[in-house]
Amino acid sequence: MNFINGFCLTNGLLKGVKVLVVDNDRDSRDLYAFLLKHLSASVITAGSVKQALEILSWFTPNIIVSEIRFLGESIYTLLNTLSAMEADNGNHIPIIVTSTSTTGTHEQIPDVEFEEYLLKPFDLDKFVSMIINQVQEDVTENFYLPVLVYTNILSTSQGHNRVEFSSATCRNNTKE
């Protein structure tokens, strides 16, 4: 069992969830992919809107995490493509938009809806919680996981320490 800022992150939490990460910053892209893969999500990354559109021709994610600003490209292209895909097949793909800018953020794209917005740098607990909230039906079976919890260290009469563990259920609190 691993914790990031107190959030119970267990392997398998995002099992079955397919994520497309679109970010022109390689470090951000790699961090998100590493974290999500550790939680057993299937992750594909793209460094541009153009690359994301190519990936969407053969990969259908459960959720997209995308930077809002791209040099020489518009996120409108990606969002409009998602809207067209939804109109064709009725499958809505939620999107979490990220940005390093504090100005012109959510209000920058009033005509197109996205589910969540995160200002970088952001709390990884909040990031994972947002993903779980958006793909809840895909992770329900992974929501309660049995774990061993350290409970006590006892000193024996021989001067040795004995560690006690108890069984517990790790509930990932995803509601804000």
Problem set entry | I68/T98 under side chain to side chain contact (heavy atoms under 4.5 Å, CB included): CA gap, chis, key distance, verdict | CA-CA 6 Å; I68 198 170; T98 66; over 6 Å; no
Exercise. Checking side chain to side chain contact (heavy atoms under 4.5 Å, CB included) for the pair S66/I75: CA distance, chi angles, key distance, verdict?
Worked result: CA-CA 8 Å; S66 180; I75 193 171; 3.9 Å; yes
For this session: Go through the steps for S40 and L14 under the test side chain to side chain contact (heavy atoms under 4.5 Å, CB included), then give the verdict.
Result: CA-CA 5 Å; S40 300; L14 294 176; 5.6 Å; no
For this session: Go through F70 and L78 one step at a time and tell me if the side chain to side chain contact (heavy atoms under 4.5 Å, CB included) criterion holds.
Result: CA-CA 11 Å; F70 292 91; L78 177 60; 5.9 Å; no
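A distance of 14.0 Å separates OG1 of T81 from OH of Y76, quoted to the nearest 0.5 Å. For the atom pair M130 CE and D123 CG, the distance stands at 9.5 Å (nearest 0.5 Å). Atom CG of L53 and atom OG of S57 lie 9.0 Å apart (nearest 0.5 Å). We find the CG-CD1 distance between L82 and I95 to be 5.5 Å, quoted to the nearest 0.5 Å.
Counting only heavy atoms from C-beta outward, the side chains of V21 and L36 approach each other to under 4.5 Å. You'll find the side chain of I64 stays beyond 4.5 Å of the side chain of I96, heavy atoms only. By the 4.5 Å heavy-atom criterion applied to side chains, I132 and L13 are counted as neighbours. In this structure, L20 and L56 have side chains that are in contact, with non-hydrogen atoms separated by less than 4.5 Å. With a 4.5 Å cut-off on side-chain heavy atoms, M85 and N91 do not count as touching.
At least one donor-acceptor pair closer than 3.5 Å links the side chain of N62 to the backbone N or O of K18.
No chain of hydrophobic side-chain contacts below 4.5 Å, direct or via other Ile, Leu, Val, Met, Phe, Trp or Tyr residues, connects F34 to L39.
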For residues 42-52, which side-chain N or O atoms pair as donor and acceptor with protein atoms under 3.5 Å away, sequence neighbours left out?
unit_1: S48; atom_1: OG; unit_2: Q51; atom_2: N; d: 3.0
unit_1: Q51; atom_1: OE1; unit_2: G47; atom_2: N; d: 2.7

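Shortest non-hydrogen contact noted between R29 and D23 is NH1-O, 2.6 Å. What you find for V19 and A41 is that their closest heavy atoms are CG2-CB, 4.2 Å.
For D25, there are no salt bridge (charged side-chain N to carboxylate O under 4.0 Å, His left out) partners two or more places apart in sequence or in a different chain.
Salt bridge K120/E67: present, at least one basic N to carboxylate O contact under 4.0 Å.
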